[in-house]
Every structure is written in C-alpha cells, then in structure tokens.
**Q** 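Dropping a structure here in structure tokens format, bear with me for questions.
Basis for what follows: all heavy atoms, side chains included, without hydrogens, waters or symmetry-related copies. Each chain gets a letter, A, B and so on, in the order the sequences are listed, and its residues count up from 1.
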There are 2 protein chains.
Amino acid sequence: MTVTLADVAARAGVSAATVSRVLNGNYPVAASTRGRVLRAVEELEYVVNGPASALAAASSDLVGILVNDIADPFFGILAGAVQAELSGASGPGGEKLAVVCNTGGSPERELTYLTLLQRQRAAGVVLTGSASEDPAHARALAAGLARLSGAGTRVVLCGRPAQAAGAEPEPGSRAEPDSRAEPESGAEPECGAPLTTLAFDNRGGAQRLTGHLIALGHRRIGCVAGPAGRTTTGERLAGHRAALAAHGIEDAPRRVVHGAYDRGSGYDAAVELLRRDSELTAVVAANDTAALGVCAALRDRGLRVPEDVSVAGFDDLPFSADAAPALTTVRLPLAEAGARAGRLVTGREERPPGGRATLPAELMVRGSTSVRYP
Amino acid sequence: MTVTLADVAARAGVSAATVSRVLNGNYPVAASTRGRVLRAVEELEYVVNGPASALAAASSDLVGILVNDIADPFFGILAGAVQAELSGASGPGGEKLAVVCNTGGSPERELTYLTLLQRQRAAGVVLTGSASEDPAHARALAAGLARLSGAGTRVVLCGRPAQAAGAEPEPGSRAEPDSRAEPESGAEPECGAPLTTLAFDNRGGAQRLTGHLIALGHRRIGCVAGPAGRTTTGERLAGHRAALAAHGIEDAPRRVVHGAYDRGSGYDAAVELLRRDSELTAVVAANDTAALGVCAALRDRGLRVPEDVSVAGFDDLPFSADAAPALTTVRLPLAEAGARAGRLVTGREERPPGGRATLPAELMVRGSTSVRYP
DNA sequence: CTGTTAGCGCGTTCAC
DNA sequence: GTGAACGCGCTAACAG
C-alpha cells in the first residue's frame with residue numbers, strides 16, 4: 001500500500017542501498033544516478049519511514065521540550081525559541097522535530113515524559129522552568145536524566161538550576177587531564193553526553209527588585225511567592241529576603257503567601273496578604289500574570305496602584321508593558337535562553353565552561369511602583 | 001549496551017513475545033508470568049524502543065499540532081488543551097505524544113511539517129489557526145492532507161475553515177446509502193480517515209463586534225485586519241463589512257489596514273489609520289494583542305481610550321480583562337476547541353455530522369468601547 | 001496461555 | 001560508484 005525504499009529503487013533501476021545513500025547525502029553517488037533516484041522519489045511521492053530509519057540508525061530526530069504550562073507565554077516564548085533553532089540551520093542531522101510536553105508542574109509527569117522521550121530515542125531534551133525541591137523527586141529526576149544522557153541524548157536544563165545529583169562528574173575523577181587526552185575522534189564519549197545548564201539569575205533579579213522598593217521607602221512589602229517547594233520560588237524568595245536583610249528589615253513570614261503563576265492565585269494571595277497586614281505599601285508577585293491579579297484585588301478593595309500600594313511582577317512578559325499601570329518587573333531573556341538551549345541541544349553550540357551558564361535578570365522600572373506615600 | 005526485549009525475556013525466563021504482550025496489555029497473560037516480566041523490566045530499567053515498535057506495528061503514538069506561533073497565547077491555549085487530552089484518558093493506544101510545530105504562518109513550512117509528520121507515521125495531526133488563501137497552497141495543502149489521511153492519520157482542522165479541495169467526498173459518490181450499509185466492523189475504511197473541521201464563528205463574532213460599535217454611535221470605524229491572504233482575516237473582515245453594510249455605512253477601503261497579530265503591528269496600523277483619517281472614533285483590531293498596540297499608539301498621540309477613540313480586540317486572551325481600559329473583544333472558546341480537537345484526533349469522540357462543527361464567538365463588552373462623544 | 005517464526009523498512013557493512 | 005546481505009528491536013500471525 002505505502003511506498004517504500006524498494007519501490008523507489010525499482011522505479012529508478014538501482015538498489016535500495018543507493019536510494020538510501022542519495023536520500024541521506026552522506027555518501028558519494030553519481031550525479032546521473034542521483035537524478036534518476038530523486039525523480040523516482042517525486043513521482044512516487046515517497047516519504048521516508050521515520051521509525052524504520054530511526055531503528056536502523058539507532059537515533060531519531062525528535063527533541064523533547066518539557067514545560068510547566070504551554071498556555072503560559074513564559075513557556076511559549078521559551079519553547080518557540082528552542083523550536084526555531086531546531087528547524088533553523090539544518091546542520092548535522094537536518095530538521096529536528098520539537099516534541100512539547102506539558103508537565104503541569106507535576107514531577108511525576110515530568111518523569112513520565114522523560115521515559116516517553118527515551119522510548120522515542122530522542123536526540124535531545126530541554127527541561128524548562130522550575131523543578132521540584134523534593135529530594136526524592138530530585139533523585140528520581142537525576143536518575144532519569146542520567147539514563148537519558150547515558151543513551152546518548154543531549155540534555156539541557158533551561159531556566160532551572162543544575163541537577164544536584166550526578167549533574168557533573170566529579171572533577172577529581174579525571175585523574176590525568178593531559179596524559180591521555182582524548183582525541184577529537186569519537187563523536188560522543190560512550191559514557192554519554194553531560195548535561196548543560198542555562199540558569200536565570202532569579203535570586204539576583206528578585207533582590208534588585210525588592211531593593212528597588214526599599215529604596216522607594218517601602219518597608220512593609222508583601223510577597224506573593226510561587227508554588228511552594230519549587231526551585232524558582234526558592235531562588236526568588238531568597239533574593240527577596242536578602243534585600244530585606246541587607247536593609248535590616250524584618251522578614252515577617254506572614255507577609256509571604258504562596259500561589260500559582262496565574263491571575264486568580266495572585267488575586268487570592270493579595271486578599272490574604274491584606275488580611276494579614278492591612279498596612280502593606282508594596283507587593284512583589286510571583287510573576288507578571290500574578291501581579292495583574294494582585295492589582296485587580298487591590299483595585300477591588302479601593303486601593304490605587306501605585307499611589308496606595310506599589311506592585312511588581314517578574315519575567316517581563318509582553319503584556320506587562322501594556323498593563324495599567326505598566327508593571328515594574330524583572331526582565332528574563334527568555335527568547336535568548338530558548339534559542340541557546342536549542343543550539344546546545346542540537347550540538348550546534350559549544351557547552352559553556354563547566355557546563356553551566358547564568359543568564360542575567362534586568363530590573364525594569366515602570367509605573368506600578370512609586371515612592372511610598374506616608 | 002542498551003537493554004532490549006530479549007534481555008527482559010531472558011531475565012524473566014519467558015519468550016520475547018510474552019514480554020511484548022505484558023507490556024502492551026492487549027493479550028491475556030498469566031498473572032504469575034506477568035509479575036515476573038514486570039519485575040525483570042524494573043530490574044533492568046528496560047524502556048521500550050519506540051521506533052522499533054512503531055515499525056513493527058506500522059503506527060506511532062505521535063500527534064502533530066501545527067500552530068502559527070507557539071509564543072502567542074492564542075495558540076498556547078489551543079495547543080495546551082489538545083495536549084491535555086492526549087495524555088488524559090489513556091484510552092486505546094495509551095499515552096500519545098504531542099509534537100508541536102511552529103509554522104510561523106508560512107504555508108511552505110506547513111507543508112514541510114506535514115511531510116515530517118507523515119514520515120513519523122503520526123497517529124494524528126491537528127492544524128490550527130488560519131490558512132493561506134492562495135489557491136496553489138490550498139491545493140498543495142489539500143493534497144498533503146489527503147496523503148496523510150490516506151495513510152491512516154487522523155486529521156483535525158481546528159479554528160480554520162474546511163479544506164476546499166477533497167475535504168469531504170462528494171455526497172453523491174455514496175450511491176446507495178442503505179443498500180450495502182457498511183457494518184461497524186473495520187476500524188477505519190481503507191480509503192483513509194476523513195478529516196474533521198472545528199471552525200470558529202469569526203464572521204459572526206466580527207459582525208456583532210462592529211455592530212456593537214455602530215450601536216454606540218460610531219460611523220468612522222478603522223479596521224486593523226490580520227495578515228492579508230489568510231482565511232481568518234478574510235472571515236473577520238467579511239463580518240466587519242457585513243455590519244457596516246447592514247447599517248448603510250460606507251465601507252471605505254482606506255479605513256482598513258493589514259498587519260500581523262502583534263503589538264507592534266497594531267501600533268503601526270493605528271498610526272497609519274489616523275494618518276488616513278484623523279476623524280476616526282473607533283478601531284477594531286485583528287486580535288487583543290494588536291488592540292493593545294493600537295491603544296498605545298492612540299495614547300502616544302494624546303488620544304484617550306475610550307473617550308476619544310473606542311478600541312476593540314478579538315479572541316479574549318487572558319490579559320485582555322486586565323488591560324486598562326479592559327478590552328471589549330470577542331471571546332473564542334479556545335480551550336474547549338483544543339480539547340475537542342484532542343479527543344477527535346485520538347478517536348475518542350465521534351465526528352460531528354458532516355465532519356464539521358462551528359464554535360460560537362461571544363461578544364465581551366468592557367471598558368475600551370463607549371458611546372461616541374461628538 | 002505461551003513459544004516459534006517471520007517480517008516491518010531502512011542503514012550499513014562488505015564485496016564487486 | 002554500486003549491489004547484496006544482514007540486523008536494528010519489536011509485533012503479529014501461527015502453532016502448540
């Protein structure tokens with residue numbers, strides 16, 4: 001029923017091997033032969049059987065991208081940038097297909113997808129967003145990533161900290177660095193590709209953000225932290241607290257509420273924060289979306305932003321500049337990070353020294369924050 | 001190096017076939033045997049080889065989702081909803097993997113991805129968003145879709161009109177409807193699965209939106225249409241014009257400007273519209289994102305929204321309610337559409353009668369539109 | 001219920 | 001340069 005390599009070979013009057021060589025272009029073939037083959041391919045509308053070639057070649061052209069929520073522009077921008085690089089320069093291996101996996105932030109689903117991608121013999125995997133801080137999951141994840149890279153899959157962590165366990169081989173284990181330096185020959189060491197980490201400076205960004213509010217005179221600053229038990233939440237919270245500590249401001253636990261990265265959570269968190277301390281003069285939100293919810297909650301209670309309460313977001317998503325007032329936030333280089341992850345996962349860019357790089361976070365001061373009016 | 005079925009079989013003291021049966025669960029196996037096999041799988045950390053099983057079974061568990069721009073929440077919500085259904089109820093065939101393909105609105109890339117997905121022997125494909133109106137591309141696309149469904153791939157068009165060519169077999173071709181009614185037996189007719197269409201009522205939504213502005217007293221209504229030559233653009237523009245015509249308002253071509261679905265395009269388009277007619281009292285934008293750009297352009301020129309100029313968007317993306325003023329727009333049931341497309345493409349939902357359904361578009365009146373102040 | 005036997009379609013040695 | 005084999009890892013008939 002469906003056209004195969006053999007059919008094309010018969011049509012072109014050559015062997016299947018020759019057709020394969022023409023199609024993969026990795027072997028010399030006479031120009032005239034190549035022409036006949038290509039014509040036969042056209043005429044028969046032949047389409048390579050991916051699974052079959054993946055089986056024979058022991059590798060596929062699938063690249064997995066794990067995201068917490070594809071409907072969230074944060075991940076959409078990241079995934080889009082990765083994907084653009086995959087289909088961009090069709091370098092070694094040609095066009096790669098992006099497999100976007102929505103984990104919903106669930107560590108279990110994360111592991112499930114990792115297995116699914118390993119099953120597909122994915123060429124690479126990019127994990128984005130925050131990770132669970134639960135030690136058991138961290139261990140399971142590290143094991144899963146180790147299995148993947150052991151199978152030759154390139155792994156890139158994008159926007160999350162390096163894996164604690166087994167991320168990098170101990171430096172000491174490479175006993176004699178120079179004595180038997182491995183030649184450039186073999187593509188990948190059999191032990192598997194080491195994973196690369198692209199982290200955001202969440203801590204620094206959060207610290208500068210809260211520092212900005214403090215500089216404006218704010219002392220009672222509410223914090224809508226992200227979901228509990230996640231690395232990104234921890235990092236941003238640490239930055240927030242560092243800023244408070246640096247100015248000798250009490251870090252009241254009651255001024256911190258956890259919530260998801262959506263508008264409703266921001267709204268609810270703001271209500272709760274106000275209930276706990278009606279004297280708040282500023283709120284830093286988990287991200288821009290939550291910040292909009294915070295603003296809505298404040299307005300609904302008759303408070304003006306920023307006259308009564310300053311509000312800040314995080315990530316600098318596209319709509320933040322158009323909110324009213326425009327959101328003060330922290331810009332993360334999402335597109336750049338995704339593009340770089342895409343190049344790394346296809347082996348088109350060198351790994352940064354040490355296998356990890358931290359991307360800067362830039363404070364964007366806009367209208368939603370102002371000096372505290374006493 | 002890597003563990004195979006045979007290894008598991010040996011470890012469990014059974015044949016490879018039995019292991020396969022246990023893993024696929026589609027065949028009776030003794031409980032004790034199954035236990036031994038499962039334990040061996042655990043111990044060996046065995047992971048199925050997807051390509052190999054896809055080759056043997058002549059089908060994969062990949063589902064393609066074509067989107068214009070994954071960084072755009074419109075498509076993110078759609079894709080997320082489709083994906084959620086894929087991994088949801090692990091019905092027949094179990095977990096499916098979503099392959100999200102970013103076409104960037106390019107018809108060529110659309111075709112390329114279709115071929116790539118056919119190469120992977122995808123179980124299904126969901127095409128979202130607008131399509132090119134170019135006849136040549138429409139024909140090429142129809143041919144590509146025909147090849148896909150001919151190969152047994154389920155195809156769902158989501159948010160775009162039915163394919164002109166070959167979408168549905170001519171009703172007349174089924175000569176005798178009752179005489180030899182095909183029994184429910186064979187899963188899919190060999191001729192291939194017919195494609196299903198889920199369309200949005202773009203035309204009706206646009207018509208109601210412009211009608212709303214007219215009811216508010218507006219007569220000089222600028223229109224930031226979407227990219228030229230695309231079905232969605234055409235439908236919305238048709239609705240806009242229908243509303244104008246219904247009220248005997250001149251449809252001045254100079255009051256229509258085409259642009260992309262982003263903020264910058266909206267901004268530029270608004271500037272151009274004002275240049276052409278500085279007396280405009282309202283603007284309908286291609287979508288909410290563009291509408292925000294329009295608002296920004298108006299503000300930059302000292303015009304207030306909605307006091308001087310009313311502005312309306314389209315799609316009702318999440319941030320629209322938080323813009324200032326909140327955007328009047330047309331709500332499209334994106335999540336519902338995506339979920340339904342996901343169920344259709346996995347065969348978990350019956351096709352609607354005629355293979356097509358139109359989803360309603362609801363007018364959302366908010367603060368960005370008001371009565372015209374003379 | 002379980003083992004045996006054939007391929008699935010292609011890449012990749014080898015020879016020629 | 002090209003063709004003839006073989007095997008990748010698994011599923012799907014058949015037997016038993």
Side-chain angles (χ1 to χ4, degrees), chain A residues 1-38 40-41 44-61 92-94 118-123 151-152 187, chain B residues 1-38 40-41 44-61 92-94 118-123 151-152 187:
Chain A
M1 174 65 211
T2 149
V3 183
T4 77
L5 240 205
D7 299 329
V8 177
R11 188 87 148 88
V14 297
S15 75
T18 300
V19 178
S20 169
R21 295 195 262 253
V22 170
L23 261 31
N24 293 309
N26 50 8
Y27 216 80
V29 174
S32 61
T33 314
R34 127 178 281 100
R36 286 213 315 284
V37 170
L38 289 175
V41 168
L44 267 37
E45 292 191 325
Y46 170 68
V47 176
V48 184
N49 183 317
S53 62
L55 172 58
S59 78
S60 81
D61 48 5
Q118 183 180 356
R119 166 182 308 192
Q120 298 296 335
R121 301 300 187 257
Chain B
M1 176 61 214
T2 149
V3 184
T4 76
L5 240 206
D7 298 330
V8 177
R11 186 86 149 89
V14 296
S15 75
T18 300
V19 178
S20 170
R21 293 194 264 251
V22 170
L23 262 31
N24 293 309
N26 50 8
Y27 219 82
V29 174
S32 62
T33 314
R34 128 178 278 101
R36 287 214 313 285
V37 169
L38 256 24
V41 167
L44 266 37
E45 292 192 327
Y46 171 68
V47 176
V48 184
N49 184 316
S53 64
L55 172 58
S59 77
S60 81
D61 48 5
Q118 183 180 356
R119 164 182 310 192
Q120 298 294 337
R121 302 300 186 257

**Q** Starting at CG of B:Leu55 and ending at C1' of D:dA12, how long is that distance when rounded to a whole Å?
**A**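 Nearest whole value for this atom pair: 13 Å.
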
**Q** Think A:Thr33 has a side-chain N or O under 4.0 angstrom from the OP1 or OP2 of D:dG1?
**A**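 Answer is no, no contact under 4.0 Å.
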
**Q** Is it the case that D:dG3 (base atoms only) and A:Arg21 (side chain only) share a donor and an acceptor within less than 3.5 Å, ignoring hydrogens and angles?
**A**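 Check passes, donor-acceptor contact within cut-off.
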
**Q** Going from OG on A:Ser60 to CZ on A:Arg119, what distance comes out if it is rounded to the nearest 0.5 angstrom?
**A**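 Here the interatomic distance stands at 13.5 Å.
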
**Q** Tell me the closest heavy-atom pair linking A:Val48 and A:Ser53, and the distance in Å.
**A**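 For A:Val48 and A:Ser53, the tightest heavy-atom pair comes out as CG1-OG, 4.2 Å.
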
**Q** For the pair made of CZ in A:Arg121 and P in C:dG11, what is the distance, rounded to whole Å?
**A**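 For the pair A:Arg121 CZ and C:dG11 P, the rounded distance is 18 Å.
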
**Q** Indicate, with a heavy-atom threshold strictly under 4.0 Å, whether A:Val14 touches base, sugar-phosphate, or nothing.
**A**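 Counting heavy atoms under 4.0 Å across all strands, the contact made by A:Val14 is with sugar-phosphate only.
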
**Q** B:Ala58 near the nucleic acid: base, sugar-phosphate alone, or nothing, with a heavy-atom cut-off under 4.0 Å?
**A**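 Since no nucleic acid heavy atom lies under 4.0 Å of B:Ala58, the category is nothing.
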
**Q** Would you classify A:Leu5 as touching base, sugar-phosphate or nothing, given that sugar-phosphate means primed atoms plus P, OP1 and OP2, and contacts are heavy atoms under 4.0 Å?
**A**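 The residue A:Leu5 makes sugar-phosphate contact but no base contact.
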
**Q** Within this structure, what is the CG-to-P distance between B:Asn49 and D:dC8, rounded to whole angstrom?
**A**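 Going from B:Asn49 (CG) to D:dC8 (P), I get 12 Å.
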
**Q** Which listed nucleotide (C:dC1, D:dG9, C:dT12) is nearest to the side chain of B:Thr2?
**A**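 Out of C:dC1, D:dG9, C:dT12, the nucleotide with an atom closest to B:Thr2's side chain is D:dG9.
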
**Q** Want to settle it: does B:Ala30 or A:Val19 sit nearer the 5' end of DNA chain C, counting the closest nucleotide to each?
**A**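 Nearest-nucleotide comparison on DNA chain C picks B:Ala30.
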
**Q** Return the value, rounded to whole Å, for the distance between atom CG of B:Leu44 and atom P of D:dG9.
**A**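 The answer, rounded to whole Å, is 14 Å.
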
**Q** Could you tell me how far apart A:Asn24 (CG) and C:dC10 (P) are, to the nearest whole angstrom?
**A**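 In whole Å, C:dC10 P lies 11 Å from A:Asn24 CG.
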
**Q** Using heavy-atom distances to pick each residue's nearest nucleotide on DNA chain C, tell me which of A:Ala16 and B:Ser32 is more 5'.
**A**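 Of the two residues, B:Ser32 wins.
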
**Q** For D:dG3 and A:Ser15 - does any side-chain N or O of the residue sit under 4.0 Å from the phosphate oxygens OP1/OP2?
**A**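 Checking A:Ser15 against D:dG3: at least one side-chain N or O falls below 4.0 Å of OP1 or OP2.
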
**Q** Check the distance between C:dC10's P and A:Leu23's CG and give it to me in whole angstrom.
**A**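 Whole-Å distance recorded here is 9 Å.
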
**Q** How many whole angstroms separate atom OH of A:Tyr27 from atom P of C:dT12?
**A**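 Taking atom P of C:dT12 as the reference, OH of A:Tyr27 is at 10 Å.
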
**Q** Under 4.0 angstrom, heavy atoms only, what part of the nucleic acid is A:Ser20 near: base, sugar-phosphate, or nothing?
**A**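 Contact class for A:Ser20: base.
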
**Q** With a 4.0 Å limit, can you tell me whether B:Thr18 has a side-chain N or O closer than that to the phosphate oxygens OP1/OP2 of C:dC1?
**A**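 Answer is no, no contact under 4.0 Å.
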
**Q** From the set C:dC10, D:dA12, D:dG9, return the single nucleotide nearest to any side-chain atom of B:Asn26.
**A**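 Given the options C:dC10, D:dA12, D:dG9, the side chain of B:Asn26 is closest to D:dA12.
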
**Q** Would you say the side chain of A:Val22 lies within less than 4.5 Å of the side chain of A:Thr33, judging by non-hydrogen atoms?
**A**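 A:Thr33 does not reach A:Val22 side chain to side chain.
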
**Q** Got a donor-acceptor contact below 3.5 angstrom from the B:Arg36 side chain to the B:Ala12 backbone?
**A**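 Checking the backbone N and O of B:Ala12 against the side chain of B:Arg36, a donor-acceptor pair under 3.5 Å is found.
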
**Q** Check each of A:Val37, A:Leu5, A:Asp7 against A:Tyr46 using the side chain to side chain contact (heavy atoms under 4.5 Å, CB included) test, and report the only one that passes.
**A**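 Option passing the side chain to side chain contact (heavy atoms under 4.5 Å, CB included) with A:Tyr46: A:Leu5.
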
